Number of protein chains: 2
Amino acid sequence: MLAPNIYDANCPTRQVLNRIADKWAVLVLGLLVDGPVRFNRLRRTIDGLSQKMLSQTLKNLERDGLVHREAKATVPVTVEYSITPLGLTLAETVEAIKIWAESHIADVQKAQKRYDKISNHS
Amino acid sequence: MLAPNIYDANCPTRQVLNRIADKWAVLVLGLLVDGPVRFNRLRRTIDGLSQKMLSQTLKNLERDGLVHREAKATVPVTVEYSITPLGLTLAETVEAIKIWAESHIADVQKAQKRYDKISNHS
DNA sequence: TTTATATGGTTTCGATAAGATACTAGGTGT
DNA sequence: ACACCTAGTATCTTATCGAAACCATATAAA
């Protein structure tokens with residue numbers, strides 16, 4: 001087995017990066033660290049996330065072994081999503097991204113204003 | 001000023017997340033932590049990254065104050081990209097994502113095989 | 001009995017973003 | 001004159017996203 005090289009487009013690590021370096025995946029995982037959440041609750045909590053993309057994101061996360069799906073025989077059927085032990089090892093680092101965005105937003109906005117004012121960006 | 005809430009689609013932190021939770025941004029920042037790199041070297045190093053997307057990614061990172069662009073009066077003109085102090089505070093966490101992908105790839109692939117084998121996923 | 005609600009999705013289609021390729025512009029070497 | 005270097009931009013095609021509608025199942029209300 002070759003050493004993983006994320007800068008190689010054909011390396012499997014690249015496919016994984018494409019999945020986890022995704023806004024919806026980051027937000028979903030960020031919610032699941034606090035305990036299992038049902039489909040529609042995720043959809044309502046994550047503003048702007050469509051059912052289609054949530055479904056797709058969860059399917060991908062489940063396939064990658066990061067999230068566990070459990071359909072409960074209630075009426076109507078409820079589906080509970082929870083984070084797996086593997087997912088938990090990732091959650092810490094995606095949490096860090098969320099936290100970075102929330103704590104450095106002022107600096108970023110200041111930089112954007114400066115960039116837009118100078119505007120010699122053809 | 002309101003408390004930042006990344007789960008709100010209109011919160012500025014969400015826009016920032018869209019930028020940094022991006023495969024190309026993660027890979028570019030990951031390279032710049034080791035020192036300034038020129039445009040074409042980034043393009044050649046990051047396999048699969050087109051000139052267009054690199055140009056766009058760098059422009060966004062520069063606007064957000066994460067990357068600094070410096071055109072040097074050489075012949076031909078060379079453009080050097082470097083990470084800013086603000087970018088450096090982010091780099092640690094995106095590095096963690098890169099590292100996670102590279103170190104947990106085996107677990108992910110195992111999970112994918114199991115998922116694909118069971119295949120009762122309509 | 002028809003209508004409305006809830007659950008967790010899938011399908012369809014138009015808009016948007018990404019990717020491949022060609023091209024620009026200024027200068028050097030042959 | 002022509003190829004080649006730099007760092008991009010322009011154009012066109014293809015893949016992905018998002019909004020809305022639809023599906024299946026069951027409950028409760030009108």
Side-chain angles (χ1 to χ4, degrees), chain A residues 7-10 14-15 17-28 31-32 36-63 67-82 115 119-122, chain B residues 7-10 14-28 31-32 36-63 67-82 115 118-122:
Chain A
Y7 291 101
D8 178 356
N10 298 315
R14 178 64 81 79
Q15 266 73 55
L17 182 70
N18 295 174
R19 285 281 151 69
I20 63 183
D22 164 63
K23 55 179 173 178
W24 300 133
V26 166
L27 292 172
V28 167
L31 283 178
L32 294 185
V37 186
R38 298 216 316 262
F39 185 89
N40 275 326
R41 177 157 178 75
L42 285 170
R43 200 181 68 72
R44 278 190 296 264
T45 307
I46 303 174
D47 189 25
L49 174 55
S50 68
Q51 288 188 316
K52 177 190 165 188
M53 287 312 293
L54 176 56
S55 174
Q56 204 171 104
T57 301
L58 287 169
K59 221 178 265 183
N60 288 333
L61 289 174
E62 192 197 354
R63 189 172 108 94
V67 157
H68 174 69
R69 179 185 186 276
E70 192 171 356
K72 305 218 166 187
T74 53
V75 166
V77 175
T78 53
V79 180
E80 204 172 74
Y81 289 93
S82 54
Y115 182 95
S119 75
N120 18 351
H121 310 285
S122 50
Chain B
Y7 290 101
D8 178 356
N10 298 315
R14 178 65 81 78
Q15 266 72 57
V16 174
L17 181 70
N18 295 176
R19 284 282 152 67
I20 64 181
D22 164 63
K23 55 178 173 179
W24 300 133
V26 166
L27 292 171
V28 166
L31 283 178
L32 294 185
V37 186
R38 300 215 317 262
F39 186 89
N40 275 326
R41 177 158 177 75
L42 286 170
R43 200 183 66 71
R44 277 190 296 263
T45 306
I46 304 174
D47 189 25
L49 173 55
S50 68
Q51 288 186 319
K52 177 189 164 188
M53 288 311 294
L54 175 57
S55 175
Q56 205 171 103
T57 301
L58 287 169
K59 223 178 262 183
N60 288 334
L61 289 174
E62 191 196 354
R63 190 172 107 95
V67 156
H68 174 68
R69 178 185 185 278
E70 192 172 355
K72 305 219 165 187
T74 53
V75 166
V77 174
T78 54
V79 180
E80 203 172 76
Y81 289 92
S82 54
Y115 182 95
I118 298 176
S119 74
N120 16 352
H121 309 285
S122 53

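Lettering follows sequence order; numbering is per chain, from 1. Keep in mind the model is a prediction, meaning the values are calculated, not measured.
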Please examine the side chains of Y81(B) and L61(B), heavy atoms only from C-beta on, and report whether any two atoms are closer than 4.5 Å.
no
Just to confirm, is there a sub-4.0 Å distance from OP1 or OP2 of dA17(C) to any side-chain nitrogen or oxygen of K23(B)?
no
Using 0.5 Å steps for rounding, measure from the CG atom of D47(A) to the CZ atom of R14(B).
6.0 Å
Between F39(A) (CZ) and dT10(C) (P), how many Å, whole number?
8 Å
With respect to the phosphate group of dA18(C), does any side-chain polar atom (N or O) of Q56(B) fall under 4.0 Å of OP1 or OP2?
yes
Nearest-angstrom distance from the residue atom NZ of K52(A) to C1' of dA19(D):
10 Å
With the side chain counted from C-beta on, respond yes when L27(B) and L49(B) share a heavy-atom pair under 4.5 Å apart, and no when they do not.
no
When you measure from the side chain of P76(A), which nucleotide among dT7(C), dT9(D), dG18(D) comes out closest?
dT7(C)
In whole angstroms, the gap separating P of dG8(D) from CZ of R38(B) amounts to 11 Å
Close side-chain approach of F39(B) and L54(B), heavy atoms under 4.5 Å:
yes
On the nucleotide dT16(D), are OP1 or OP2 found under 4.0 Å from the side-chain N or O atoms that W24(A) carries?
no
CG (L58(B)) and CG (L42(B)) are apart, to the nearest 0.5 Å, by 6.0 Å
Rounded to whole angstroms, how far apart are CD on E70(A) and C1' on dT7(C)?
16 Å
Atom CG of N60(B) and atom C1' of dA18(C): how far apart are they, to the nearest Å?
13 Å
Taking the axis from the first five pairs and the axis from the last five, what angle separates them in the helix from dT1(C)-dA30(D) to dT30(C)-dA1(D), rounded to 10 degrees?
30°
Are V67(A) and L32(A) close enough that some pair of their side-chain heavy atoms sits under 4.5 Å apart?
yes
What's R41(A) touching, base or sugar-phosphate or nothing? Going by heavy atoms closer than 4.0 Å.
nothing
If you check the V79(B) side chain, which of dA7(D), dT7(C), dT9(D) turns out closest?
dA7(D)
Close side-chain approach of Y115(A) to K59(B), heavy-atom, < 4.5 Å:
yes
Separation of dG18(D) atom C1' from I46(A) atom CD1, nearest Å, is 15 Å
Per S55(A) side chain, nearest of listed nucleotides dT10(C), dG8(D), dT7(C)
dT10(C)
Counting only side-chain N and O atoms of R43(A), is one of them less than 4.0 Å from OP1 or OP2 of dG8(C)?
no
Interatomic distance where CZ belongs to R69(B) and P belongs to dT6(D) [whole Å]:
15 Å
In whole angstroms, the gap separating P of dC23(D) from CD of Q51(A) amounts to 15 Å
